[in-house]
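Read through the structure below, which is laid out as structure tokens, and then see the notes.
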Amino acid sequence: MAATENRPLKVLNASLATSLRDFNAAARHLQAKGVRLLQIKPTENCLQISPEDGERLVRERLTEGYQRHASAGSDRITVLFEGVTLEWRRPISYRDLQKTIH
């Protein structure tokens, strides 16, 4: 059976549209500040950036909630920026290991 009238396909509901609009606004704001977006994950409300950019945003006090998740070879840091999670990975260097051991 074929539809006799054309109806517009509505993919986003109001809350998803608002969430996506806020996500895009935060991404554009970061890019305007010179932050390079390495990975864009709108379904997870997360942007991956470089460690240098992340540390700069923290120093400038533009983020909220600093969480460090340690693993064998790197630390994964997450913060909030305008309601969007920013994530970056900082490799653990040999120098960092020496400080931890002593």
Side-chain angles (χ1 to χ4, degrees):
M1 292 176 77
T4 56
E5 56 187 69
N6 290 332
R7 290 180 290 186
L9 180 63
K10 189 170 184 178
V11 178
L12 294 177
N13 61 30
S15 65
L16 284 175
T18 300
S19 175
L20 189 56
R21 185 187 68 234
D22 295 344
F23 180 84
N24 287 337
R28 283 193 296 274
H29 187 197
L30 287 170
Q31 289 178 314
K33 294 190 73 43
V35 174
R36 186 170 154 232
L37 306 178
L38 303 178
Q39 196 170 38
I40 300 169
K41 304 183 242 181
T43 56
E44 299 173 29
N45 198 38
C46 182
L47 296 165
Q48 187 175 0
I49 61 175
S50 72
E52 298 80 17
D53 287 332
E55 297 299 330
R56 180 172 55 92
L57 292 170
V58 169
R59 275 193 314 275
E60 293 175 0
R61 298 178 186 246
L62 297 173
T63 61
E64 300 173 17
Y66 186 92
Q67 293 185 0
R68 185 177 69 87
H69 311 275
S71 68
S74 65
D75 290 336
R76 181 174 55 90
I77 291 93
T78 57
V79 297
L80 281 178
F81 175 81
E82 297 180 4
V84 175
T85 301
L86 301 182
E87 173 183 288
W88 64 91
R89 295 187 185 278
R90 183 176 47 214
I92 298 173
S93 68
Y94 177 73
R95 204 173 321 146
D96 292 337
L97 287 174
Q98 284 182 329
K99 289 178 188 177
T100 305
I101 293 171
H102 288 90

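Atom set for the values below is all heavy atoms of this structure, side chains included, hydrogens, waters and symmetry mates excluded. In this chain, numbering begins with 1 at the start of the sequence shown.
- Considering only heavy atoms from C-beta on, V79 comes within 4.5 Å of V58 through its side chain.
- Taking OG1 of T85 as the start and CD of E64 as the end, the distance is 11.0 Å to the nearest 0.5 Å.
- Nearest approach of L62 to F81, heavy atoms of both residues: O-CD1, 3.3 Å.
- Taking NZ of K33 as the reference point, atom CG of L30 lies at 8.5 Å (rounded to 0.5 Å).
- Note that the CG atom of L80 and the CG atom of L86 stand 8.0 Å from one another [nearest 0.5 Å].
- Considering only heavy atoms from C-beta on, R56 comes within 4.5 Å of V35 through its side chain.
- Side chains of L38 and W88 form no contact here, defined as non-hydrogen atoms less than 4.5 Å apart.
- In this structure, S19 contributes its side chain and S15 its backbone to no donor-acceptor pair below 3.5 Å.
- Taken to the nearest 0.5 Å, the CG atom of D53 stands 9.0 Å off from the CZ atom of R36.
- The minimum heavy-atom distance between P42 and L20, with the atom names listed, is CB-CD1, 4.1 Å.
- Considering all non-hydrogen atoms of both residues, P91 and S74 come closest at CA-CB, 3.9 Å.
- Atom OG1 of residue T78 and atom CZ of residue R68 lie 11.5 Å apart, to the nearest 0.5 angstrom.
- Remark: E55 engages R90 in a salt bridge (charged side-chain N to carboxylate O under 4.0 Å, His left out) (not counting sequence neighbours).
- Counting only residues at least two apart or in different chains, salt bridge (charged side-chain N to carboxylate O under 4.0 Å, His left out) contacts with residues 20-30 are absent.
- For the atom pair NE2 (H69) and CG (D75), the distance works out to 10.0 Å, reported to the nearest 0.5 Å.
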